[in-house]
Amino acid sequence: MDSFGLRPDRFDAAGQDQLVDVRDLQAALPGLSRLRDWAHEALALRPGESAADIGSGTGSEVIAFAETVGPAGTAIGVEPDPHLLVAAERNATAAGSRARFHSGDAYGVPFGSDTFDAVLCERVFQHLTAPARAANEIARVLRPGGRAVVVDPDWGTAIVHPGDRRVVREVIDTFVSATTNPFSGRRLPGLLTRAGLVVDDIGSHALVQERSVGAGALVSRISAMAVARRVITPEQRDQLLHDLAAGATSGDIHLSVTMFAVLAHKPA
């Protein structure tokens with residue numbers, strides 16, 4: 001699996017060279033910060049509780065968990081990427097945090113059943129070929145009465161404006177077809193319900209790219225992939241990028257995707 005859900009096997013070498021990691025791009029957007037605030041408020045951690053972040057990346061949310069649960073609680077990050085684990089541990093040490101990190105993934109959290117009072121899983125399900133397994137794993141490690149927040153984008157909600165509508169649709173469809181689980185956001189409530197959890201609330205926020213950057217790195221690269229797939233021409237790509245640059249100058253530009261967050265609990 002690549003780092004943001006795209007499947008390189010669907011593209012030739014030129015297309016594969018255009019694959020980029022959107023994790024940090026998304027994390028830098030104000031909308032995600034506000035959705036993370038919502039997630040922390042919804043989980044409502046208390047001192048002494050045990051919390052886990054599945055797919056913890058560089059550890060920021062686990063460090064925040066550790067501060068909230070205090071020395072009597074535990075804050076655990078589970079992450080499959082060894083480089084991110086090293087970065088997370090380094091960040092925790094620099095912050096003087098009690099956060100701990102373990103190698104694992106959404107299919108295999110390295111803890112027993114009924115371990116955690118709260119679980120966060122952010123921007124992971126879009127990468128998964130078997131998201132139901134991950135939902136079941138979240139339910140397994142939660143204690144009865146425990147809470148979970150799962151956050152994921154739905155790439156079917158992507159908006160790119162301005163630009164020729166057919167060209168824009170082909171670019172968006174290129175991204176959707178190359179993403180492992182592109183409609184994960186809309187499927188979260190059903191997945192968690194089938195795993196035995198009770199959905200309590202659903203939040204959403206559009207991640208809107210800063211207008212001044214024009215097409216930005218993501219659209220530039222995905223449109224190049226669309227050319228490599230021969231669903232648009234190089235001239236159409238050039239025109240799209242020109243339209244977006246002009247839109248950035250005039251203020252008539254909008255690039256976004258909607259992120260969904262689902263709060264659920266495990267029945268006591």
> Just checking, is any N or O donor in the side chain of E61 or H40 under 3.5 Å from an acceptor N or O on the other one?
Replying inline: yes
> Would you find a donor on one side and an acceptor on the other, under 3.5 Å apart, between the side chain of Q126 and the backbone of P153?
Replying inline: no
>> What I want to find out is whether K266 reaches D114 closely enough, with some N-O distance under 4.0 Å, to be called a salt bridge.
In response: yes
> Do R229 and T174 have side-chain atoms, one donor and one acceptor, less than 3.5 Å apart?
Replying inline: yes
> Within the distance-only criterion (no hydrogens, no angle test), does the side chain of R143 pair as donor or acceptor with the backbone N or O of T115 below 3.5 angstrom?
Replying inline: yes
>> Checking T129 against T180: is there a side-chain donor and acceptor pair closer than 3.5 Å?
In response: no
>> Any heavy-atom pair between the side chains of T258 and D154 that's under 4.5 Å?
In response: no
> Any side-chain heavy atom of V176 within less than 4.5 Å of one from F183?
Replying inline: yes
> Does a side-chain N-to-carboxylate-O contact under 4.0 Å join R147 and E49?
Replying inline: yes
> Which atom names give the shortest non-hydrogen contact between I54 and V119, and what distance separates them?
Replying inline: CD1-CG1, 3.7 Å
>> Take a 6.0 Å sphere around CD of E89 and say whether it holds more than 12 heavy atoms from other residues, nucleotides or ligands.
In response: yes
> Quick one: does S97's side chain have a donor or acceptor within less than 3.5 Å of a partner on T93's backbone?
Replying inline: no
> Counting distance only, does the side-chain N/O of D53 pair as donor-acceptor with the main-chain N or O of V62 below 3.5 Å?
Replying inline: no
>> If you define the side chain from C-beta out and look only at heavy atoms, does anything of E170 sit under 4.5 Å from S223?
In response: no
> Does atom CZ of R211 have more than 12 heavy-atom neighbours, drawn from other residues, nucleotides or ligands, at distances under 6.0 Å?
Replying inline: no
> Of all residues at least two apart in sequence or in a different chain, which pass the side chain to side chain donor-acceptor pair (under 3.5 Å) check with D200?
Replying inline: H265
>> Under a 3.5 Å distance rule, please check whether N181 uses its side chain to pair with a backbone N or O of F125 as donor and acceptor.
In response: yes
>> A side-chain contact here means heavy atoms from C-beta on lying under 4.5 Å apart; do Q239 and V167 qualify?
In response: no
>> Under 3.5 Å, is there a donor on one side chain and an acceptor on the other for H161 and D252?
In response: yes
> Does F260 have its ring centroid less than 6.0 Å away from the ring centroid of H205?
Replying inline: no
>> Given 3.5 Å as the limit, does a donor-acceptor pair link the side chain of Q209 with the main chain of G214, or not?
In response: yes
